[in-house]
Amino acid sequence: MSTNTIANVNNATPEEISIQRADFSLADEVALLEQDNATDGAVVTFTGRVRNQNNGNTVSSLTLEHYSGMTEKALEKIITQARERWKIGRIKVIHRIGELHIGDQIVFVGVTSKHRHDAFAANEFIMDYLKVKAPFWKKERIAEGENTSEQWLDAKDSDNNKAKTWS
Amino acid sequence: MIKIVFFAALREQLDCSELSISDENIKTVADVKQLLSNKSVQWQQILNNTSLLSAVNHDMVDGSHFVKSGDEVAFFPPVTGG
């Protein structure tokens, strides 16, 4: 199915968003963005992964919680806004939930467009807005010697400030 | 009835993921928060956190947003996904 040919091109479709526990394949997602897509010369992808350090702590794993229903609605809104601002072909947003370990993929944003500018800008916009508007929360498991503790991540001012640069 | 849901650190602090309230005097999200704060000193202190966000029927809103019976009102900390 080509998102370029549907009547209301600005509305996000459910196929464009996936909230899942399972891992995803970057190669498979790129293939889907490119399949039967002869009009878009640009494919921009972003993948976010679990890091082993955060705020000076040694992180051993993460648990991701979300607000089912609102998450999808928030991401649809972000995608719709991106389509209003840039000329975009296809979009895919994947966000994983549940327990994740160091190096695991957390989030994927893929955008295609005729030329690179729209895909680059829209991809960054979607990630910046996802960071401050989509209801996900990370809880870190931190290793301190033989002990482990858990703590919810604090939101960063820098993420808020970055999202504001688009308004 | 208005359904109230809590998430993440807030859910753990309150030790509550959801509850329902029924009160004819509730007009806004701020009224909901006030009613919940009246439950106990502990709830009042936890809900007094000004960084908490709120949503009605899956849309982020502020305290002045109107609520009605059948709505789902959510309270949660600033989001940290991505």
Side-chain angles (χ1 to χ4, degrees), chain A residues 17 19 46-51 54-55 62-78 93-98 100 105-109 123-140 150-160 162-163, chain B residues 1-21 26 28-33 36 42-82:
Chain A
I17 296 161
I19 312 300
F46 172 82
T47 307
R49 300 166 68 236
V50 181
R51 294 184 300 140
N54 195 33
N55 301 325
L62 276 186
T63 306
L64 262 149
E65 178 173 330
H66 80 128
Y67 180 5
S68 181
M70 179 171 172
T71 313
E72 292 80 355
K73 196 172 181 181
L75 292 173
E76 280 171 26
K77 214 183 275 181
I78 294 167
V93 177
I94 301 173
H95 205 298
R96 294 180 69 195
I97 52 171
L100 298 173
Q105 302 183 116
I106 306 171
V107 60
F108 170 84
V109 176
N123 195 305
E124 190 172 16
F125 170 87
I126 291 167
M127 264 315 295
D128 286 351
Y129 268 44
L130 181 155
K131 279 272 185 187
V132 297
K133 293 181 187 293
F136 293 99
W137 299 273
K138 288 193 190 104
K139 191 183 203 179
E140 287 179 338
E150 290 191 322
Q151 74 182 42
W152 292 97
L153 242 71
D154 285 327
K156 292 194 212 103
D157 288 340
S158 58
D159 286 333
N160 267 318
K162 181 65 170 65
Chain B
M1 293 288 267
I2 296 167
K3 184 182 175 187
I4 319 286
V5 291
F6 306 104
F7 290 93
L10 181 63
R11 172 177 50 77
E12 290 187 352
Q13 286 162 0
L14 296 173
D15 194 22
C16 177
S17 57
E18 66 172 83
L19 57 90
S20 289
I21 56 168
I26 290 176
T28 65
V29 170
D31 293 342
V32 173
K33 210 184 219 181
L36 295 171
Q42 197 195 359
W43 277 56
Q44 188 195 350
Q45 284 171 348
I46 294 166
L47 291 168
N48 197 26
N49 181 350
T50 53
S51 70
L52 290 178
L53 302 175
S54 50
V56 173
N57 300 333
H58 297 159
D59 284 317
M60 206 101 79
V61 296
D62 62 26
S64 64
H65 193 88
F66 288 103
V67 295
K68 59 183 187 311
S69 185
D71 281 351
E72 180 169 303
V73 180
F75 295 100
F76 45 80
V79 302
T80 56

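The structure displayed is predicted, hence computed values, not measured ones. To find a chain, count down the sequence lines: A is the first, B the second, and so on, and within it residues start at 1.
A:Ala134 touches chain B through its backbone: at least one of N, CA, C or O sits under 4.5 Å from a heavy atom, while the side chain does not. When heavy atoms are compared at a cutoff of 4.5 Å, A:Asp154 approaches chain B solely by way of its backbone atoms N, CA, C and O. Residue contact with chain A, scored on non-hydrogen atoms closer than 4.5 Å, involves the side chain of B:Ala55 exclusively. For chain B, no part of A:Thr47 is nearby; none of its heavy atoms comes within less than 4.5 Å. For A:Lys77, the part lying under 4.5 angstrom from a heavy atom of chain B is the side chain only.
Scanning all heavy atoms of the two residues, the minimum distance from B:Val79 to A:Lys133 falls at CG2-N, 3.9 Å. The minimum heavy-atom distance linking B:Asp59 with A:Lys73 is given by the pair OD2-NZ, 3.1 Å. Pairing each heavy atom of A:Leu153 with each of B:Thr80, the nearest pair is O-CG2, 3.5 Å. The two atoms that bring B:His58 and A:Tyr67 nearest to each other are CD2-OH, 3.4 Å, heavy atoms only.
Your options are B:Ala9, B:Ala74, B:Ser51, and the one with the most heavy-atom pairs under 4.5 Å with chain A is B:Ala9. For the options A:Gln151, A:Met127, A:Lys139, heavy-atom pairs under 4.5 Å to chain B are most numerous at A:Lys139. In terms of heavy-atom pairs under 4.5 angstrom with chain B, the leader among A:Phe136, A:Trp152, A:Phe46 is A:Trp152.
In this structure a side-chain-to-backbone donor-acceptor pair under 3.5 Å is present from A:Lys138 to B:Gly82.
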(request) Walk me through it: do B:Phe76 and A:Glu65 pass the test side-chain contact (heavy atoms from CB on, under 4.5 Å)? (result) CA-CA 11 Å; B:Phe76 45 80; A:Glu65 178 173 330; over 6 Å; no
(message) Run A:Glu150 and B:Glu12 through side-chain contact (heavy atoms from CB on, under 4.5 Å) and show every step you take.
(response) CA-CA 12 Å; A:Glu150 290 191 322; B:Glu12 290 187 352; 5.8 Å; no
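Note: A:Trp137 CH2 to B:Leu10 CG = 9.5 Å, rounded to the nearest 0.5 Å.
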